[in-house]
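Hydrogens, waters and symmetry mates play no part in the numbers below; they use all other heavy atoms, side chains included. Residue numbers run from 1 in the order of the sequence given.
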Amino acid sequence: MSTEATRRARDGVAAIRADQVVQEALELVDAGGLESLTMRRLATSLGAHLPTIYRLFDNKDALIDEMAEAILGRALSNAHTDNSDWMSRVRSLAAGLRAALLSQRDGARIVGGNYAAKRNNLTYIDTLVGCMQDAGFARERALWATSSVFCFVLGEALEQQGASGGEVGTLAEVLRADEHPHLQASPAERLLDFDGRFAFGLELLLEGMRSQLKAEGVSRKKTAGARDRGRVRTRR
């Protein structure tokens, strides 16, 4: 290779940006699954030297953190948070996250193992916490409500992405034996209606939150009323 060709190749490697590496990594996962992703395969796919990749990312975990960031960026773009109703905003954030996870092969696994304090990660969670605070949850309860929604979406996406397509037949075979009467009496195949069960589960969560807030509001009013009556008796 000539000196000029060598220089151009070196410059091309140096010009690789972190976001290009992340995008290539996501495409490799789309093609072969998360297990197929290695730093060496990634470097080869980019036409780069392995040390170049390691100069951008310390290790594979650091790379996966950035891949999760890219997916969460899509989740934020998908969501509409300008609605004044907190439940509508939570629905949109949950649906946006689910769509982002399902748009990427093994998306739930990539995001589920991510605890990095990155911008998109924190922005998504902060936006969801804000919804819960607007609803009336305070302090740790807003955080727990947020975690309930996030983990529900993540778990549903993880199970959907883990389905291979033959589950209905397997389920039918297993339930032929008269050992699971409640499942046999149910339309058990509907367990695999991932869209339907996601919508149902999310509404179940939201209605539970609303009921709890309502009950707490009644309790607070009763407590305040008792205090007021106590003050009146004291003045008398």
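Met67 is not connected to Leu102 by any chain of hydrophobic side-chain contacts under 4.5 Å among Ile, Leu, Val, Met, Phe, Trp and Tyr, and they are in different clusters. Each of Leu154 and Phe194 belongs to its own hydrophobic cluster when Ile, Leu, Val, Met, Phe, Trp and Tyr are linked at side-chain heavy-atom distances under 4.5 angstrom. No continuous path of ILVMFWY side-chain contacts below 4.5 Å connects Leu191 to Phe152, so the two sit in separate hydrophobic clusters. No chain of hydrophobic side-chain contacts below 4.5 Å, direct or via other Ile, Leu, Val, Met, Phe, Trp or Tyr residues, connects Phe150 to Leu158.
When atom types are taken as modelled, the side chain of Asp106 and the backbone of Arg109 share no donor-acceptor pair closer than 3.5 angstrom. With hydrogens and angles ignored, the 3.5 Å screen pairs no side-chain donor or acceptor of Ser88 with any backbone N or O of Ser84. At distances below 3.5 Å, not a single donor-acceptor pair connects side-chain atoms of Ser147 with backbone N or O atoms of Leu143. A donor-acceptor pair is defined here as one N or O able to donate and one able to accept, closer than 3.5 Å; no such pair exists between the side chain of Arg40 and the backbone of Leu50. Looking at Glu69, its side chain does come within 3.5 Å of a backbone N or O of Asn121 through a donor-acceptor pair. Judged by distance alone, with hydrogens and angles left aside, the side-chain atoms of Glu167 form no donor-acceptor pair with the main-chain N or O of Leu192 at under 3.5 Å.
For the side-chain contact (heavy atoms from CB on, under 4.5 Å) criterion with Ile110, the lone passing option out of Ile71, Leu37, Leu72 is Ile71.
When all heavy atoms are compared, the tightest approach of Leu101 to Ala157 is CD1-CB, 3.7 Å. The two atoms that bring Met39 and Ile53 nearest to each other are CE-CG2, 3.7 Å, heavy atoms only. Between Leu46 and Val21, the closest heavy-atom pair is CD1-CG2, 3.8 Å. Among all heavy-atom pairs drawn from Phe198 and Ala94, the shortest one is CZ-O, 4.0 Å. Nearest heavy atom pair, residue Leu93 against residue Ala79, reads CD2-CB, 3.8 Å. Nearest approach of Ser148 to Leu205, heavy atoms of both residues: O-CD1, 4.0 Å.
Note that OG1 of Thr146 and CG of Leu128 are 4.0 Å apart. Values are rounded to the nearest 0.5 Å. Taken to the nearest 0.5 Å, the CD atom of Glu24 stands 10.5 Å off from the OG1 atom of Thr44. Here the NE2-OH distance, from His49 to Tyr54, works out to 15.5 Å after rounding to the nearest 0.5 Å. Expressed to the nearest 0.5 Å, how far SG of Cys131 lies from CZ of Arg91 amounts to 11.5 Å. Here CE of Met132 is found 4.0 Å from CE of Met209. Values are rounded to the nearest 0.5 Å. Phe137 CZ to Leu213 CG: the interatomic distance, rounded to the nearest 0.5 Å, is 3.5 Å.
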**OP:** Report the C-alpha separation of Arg210 and Leu206 in whole Å, then their side-chain angles, then the decisive distance to 0.1 Å, and conclude whether the side chain to side chain contact (heavy atoms under 4.5 Å, CB included) test is met.
**Re:** CA-CA 6 Å; Arg210 183 161 65 177; Leu206 290 172; over 6 Å; no
Subject >> side-chain hydrogen bond (donor to acceptor under 3.5 Å, both in side chains) between Thr52 and Arg55, worked out >> reply: CA-CA 5 Å; Thr52 302; Arg55 279 198 292 273; 3.3 Å; yes
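Side chains of Arg74 and Gln104 form a contact here, defined as non-hydrogen atoms less than 4.5 Å apart. Counting heavy atoms from C-beta on, the side chains of Leu97 and Val149 never come closer than 4.5 Å. Side-chain atoms of Val174 and Leu183, non-hydrogen and from C-beta on, never get closer than 4.5 Å to each other.
A donor atom on one side chain and an acceptor atom on the other are found under 3.5 Å apart for Glu27 and Gln23. Side-chain atoms of Arg89 and Ser92 include no donor-acceptor pair closer than 3.5 Å.
Using a 4.0 Å cut-off between charged nitrogen and carboxylate oxygen, Arg98 and Asp195 count as a salt-bridge pair. Ion pair Glu156/Arg197 flagged as a salt bridge, since at least one NZ, NE, NH1 or NH2 atom sits closer than 4.0 Å to an Asp/Glu carboxylate oxygen.
Evaluation of the salt bridge (Lys or Arg N to Asp or Glu O under 4.0 Å) test over residues 57-66, restricted to residues two or more places apart or in two chains, returns Glu66-Lys118.
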